[in-house]
Number of protein chains: 2
Amino acid sequence: MTAIPVLDRLPPRRKSEPCCASLAAPALSAQKSDLLANRLKAAGDPTRLRMLDLLAQQPEPICVCDLTPQFPQNQPTISHHLKLLRDAGLIETEKRGIWSYYWATDEGKSLLSAVKPFA
Amino acid sequence: MTAIPVLDRLPPRRKSEPCCASLAAPALSAQKSDLLANRLKAAGDPTRLRMLDLLAQQPEPICVCDLTPQFPQNQPTISHHLKLLRDAGLIETEKRGIWSYYWATDEGKSLLSAVKPFA
DNA sequence: CATATACATCGATGATCGTCAATGGGTTCG
DNA sequence: CGAACCCATTGACGATCATCGATGTATATG
């Protein structure tokens with residue numbers, strides 16, 4: 001259910017009485033909303049969201065060789081999405097031998113769980 | 001701070017011992033992650049995020065004529081972003097006379113506040 | 001009815017994005 | 001050393017996106 005618009009309690013406006021109201025200031029600074037928008041954009045792709053969810057679900061870091069077969073895309077595409085998630089600070093990576101391991105950061109895990117109720 | 005990878009407690013892997021692990025199942029269904037990704041994408045643009053924030057901050061619906069001057073973009077662009085936020089269910093609109101009023105839905109408000117700590 | 005205003009829609013344009021084949025760097029194994 | 005393997009990077013291509021001028025649709029005013 002959505003908020004009941006206060007509008008219903010107001011008389012219809014005439015052109016002669018201007019619509020202009022005083023606006024409450026935004027809570028987010030331009031800088032903060034840029035940062036936040038960036039993180040939401042990183043998570044705002046179905047493939048990347050599923051990746052983050054999968055990684056957040058694991059008790060241990062996961063090898064790319066195990067991650068890749070979970071998705072229909074090819075290896076370079078997987079690698080590309082992992083990089084975007086990493087740039088946004090939602091996942092982290094470490095190389096061990098010939099394998100690369102990925103895991104969700106605390107930031108990534110808590111963003112995901114904050115947002116899951118909206119799925 | 002990010003999670004300490006369990007990796008550090010494991011010996012380096014050899015090629016002969018395969019990396020493959022059993023993966024915990026993802027928590028989000030494909031369908032749910034599609035829906036959620038869509039909402040995050042709608043909020044994952046700096047202009048739209050600032051719009052949502054501004055609207056969520058107001059005690060009353062806001063006229064487009066008051067909203068538009070808050071942003072550097074032109075009127076058709078503002079209208080376009082408002083439509084995307086509306087399609088995602090984050091804001092709602094109502095026309096009254098010659099003016100269009102917008103307000104943040106409950107969904108939009110709670111998504112925004114769930115996500116604000118990550119700004 | 002004619003004019004003016006508010007704002008949604010359309011069409012075009014340049015930028016960004018998702019995708020993949022090809023390639024390269026780094027590691028392991030024989 | 002040379003072959004095999006993992007995976008990141010590059011370059012290209014089509015799709016989607018943000019943006020804006022032009023236009024359309026209501027509504028209000030005189």
Side-chain angles (χ1 to χ4, degrees), chain A residues 7 11-21 33-34 37-38 40-51 55 61-88 91-103, chain B residues 7 11-21 33-34 37-38 40-51 55 61-88 91-103:
Chain A
L7 214 51
R13 304 232 191 196
R14 305 254 145 205
K15 200 174 179 179
S16 43
E17 38 172 331
C19 62
C20 302
S33 59
D34 278 359
N38 227 39
L40 296 180
K41 190 159 115 183
D45 172 87
T47 300
R48 287 194 295 270
L49 185 61
R50 237 167 283 147
M51 277 180 176
L55 290 176
I62 289 299
C63 179
V64 173
C65 64
D66 290 325
L67 195 64
T68 302
Q70 304 292 321
F71 298 88
Q73 291 92 338
N74 287 14
Q75 179 264 321
T77 304
I78 301 297
S79 194
H80 168 68
H81 285 309
L82 287 172
K83 177 172 168 48
L84 292 187
L85 286 172
R86 189 182 183 287
D87 289 346
I91 66 175
E92 200 43 79
T93 185
E94 184 182 311
K95 189 155 193 180
R96 174 71 58 111
I98 54 173
W99 291 296
S100 281
Y101 289 82
Y102 283 83
W103 64 95
Chain B
L7 215 52
R13 304 233 193 198
R14 304 252 146 207
K15 200 175 180 180
S16 45
E17 41 172 331
C19 61
C20 302
S33 59
D34 279 358
N38 227 38
L40 296 180
K41 190 158 115 181
D45 173 87
T47 299
R48 287 194 296 270
L49 185 60
R50 236 167 285 147
M51 277 179 175
L55 290 177
I62 289 300
C63 179
V64 173
C65 64
D66 291 324
L67 195 64
T68 302
Q70 304 292 321
F71 297 89
Q73 290 92 339
N74 287 15
Q75 179 264 321
T77 304
I78 301 296
S79 194
H80 167 68
H81 285 308
L82 287 172
K83 177 172 169 46
L84 292 187
L85 285 172
R86 189 181 182 288
D87 289 347
I91 67 175
E92 199 44 80
T93 184
E94 184 182 312
K95 189 154 192 180
R96 174 71 59 111
I98 53 173
W99 293 296
S100 281
Y101 288 83
Y102 283 83
W103 64 94

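Below, chain A is the first sequence line, B the second, and so on; all start at residue 1. This is a predicted model, so every value here is computed, not measured.
Heavy atoms only, all atoms of each residue included: B:Pro69 and B:Val64 are closest at CD-O, 4.4 Å.
Nearest to the side chain of B:Ile98, among D:dG21, C:dC20, C:dA6, sits C:dA6. With distances taken from any side-chain atom of A:Asn74 to the nucleotides D:dC7, C:dC20, D:dT19, the minimum falls on C:dC20. Distances were taken from every side-chain heavy atom of A:Val64 (C-beta onward) to each of D:dC20, D:dC7, C:dC7; the shortest belongs to D:dC7. Among the nucleotides C:dA6, D:dC6, D:dC20, the one closest to the side chain of B:Thr77 is D:dC20. When each of C:dT19, D:dT19, D:dC7 is scored by its nearest atom to the side-chain atoms of B:His81, the top-ranked nucleotide is D:dT19. Distance from the side chain of B:Cys63 is smallest for C:dC7 among the nucleotides D:dC7, D:dT10, C:dC7. The side chain of B:Ser79 lies closest to C:dA8, out of C:dA8, D:dC7, C:dT16. Nearest nucleotide to the side chain of B:Lys83, out of C:dA6, C:dT19, C:dT9: C:dT9.
Across all strands shown, A:Leu84 has heavy atoms under 4.0 Å from sugar-phosphate atoms exclusively, and none from any base. Within 4.0 Å of A:His80, counting heavy atoms only, lies at least one base atom of the nucleic acid. Heavy atoms of B:Phe71 sit nowhere under 4.0 angstrom from any nucleic acid atom. Across all strands shown, B:Ser100 has heavy atoms under 4.0 Å from sugar-phosphate atoms exclusively, and none from any base. A:Arg48 comes within 4.0 angstrom of the backbone, heavy atoms only, and of no base.
Under the 3.5 Å distance criterion, with hydrogens and angles disregarded, a donor-acceptor pair is assigned to the side chains of B:Thr47 and B:Gln73.
Between B:Arg96 atom CZ and C:dA6 atom C1' the separation is 16 Å, expressed in whole Å. Per the geometry, CG belonging to B:Asp45 stands 18 Å off P belonging to D:dT16, to the nearest Å. The CG atom of B:Leu82 sits 12 Å away from the P atom of D:dT19 (whole-angstrom rounding). D:dT27 atom P lies 14 Å from atom CH2 of B:Trp99, rounded to whole Å. For the pair A:Asp87 CG and C:dG18 P, the computed distance is 13 Å after rounding to whole Å. Atom NZ of A:Lys41 is separated from atom P of D:dC17 by 12 Å (rounded to the nearest Å). The CD1-C1' distance, from A:Ile62 to D:dC6, rounds to 16 Å in whole Å. In this structure, the CD atom of B:Gln73 is 21 Å from the P atom of C:dT13, given to the nearest Å.
Put simply, A:Tyr102 has a side-chain N or O that comes within less than 4.0 Å of OP1 or OP2 on D:dA8.
Between the side chain of A:Arg86 and the backbone N or O of A:Ile91 there is no donor-acceptor pair closer than 3.5 Å. A:Thr93 places a side-chain N or O within 3.5 Å of a backbone atom of A:Tyr101 that can act as its donor or acceptor partner. Using modelled atom types, one side-chain atom of B:Asp45 and one backbone atom of B:Arg48 make a donor-acceptor pair closer than 3.5 Å.
Within 3.5 Å, no donor on the side chain of B:Gln75 pairs with an acceptor on the base of C:dA6, nor the reverse.
A salt bridge links A:Asp34 with B:Arg50: the distance from a Lys NZ or Arg NE/NH1/NH2 to an Asp or Glu carboxylate oxygen falls below 4.0 Å.
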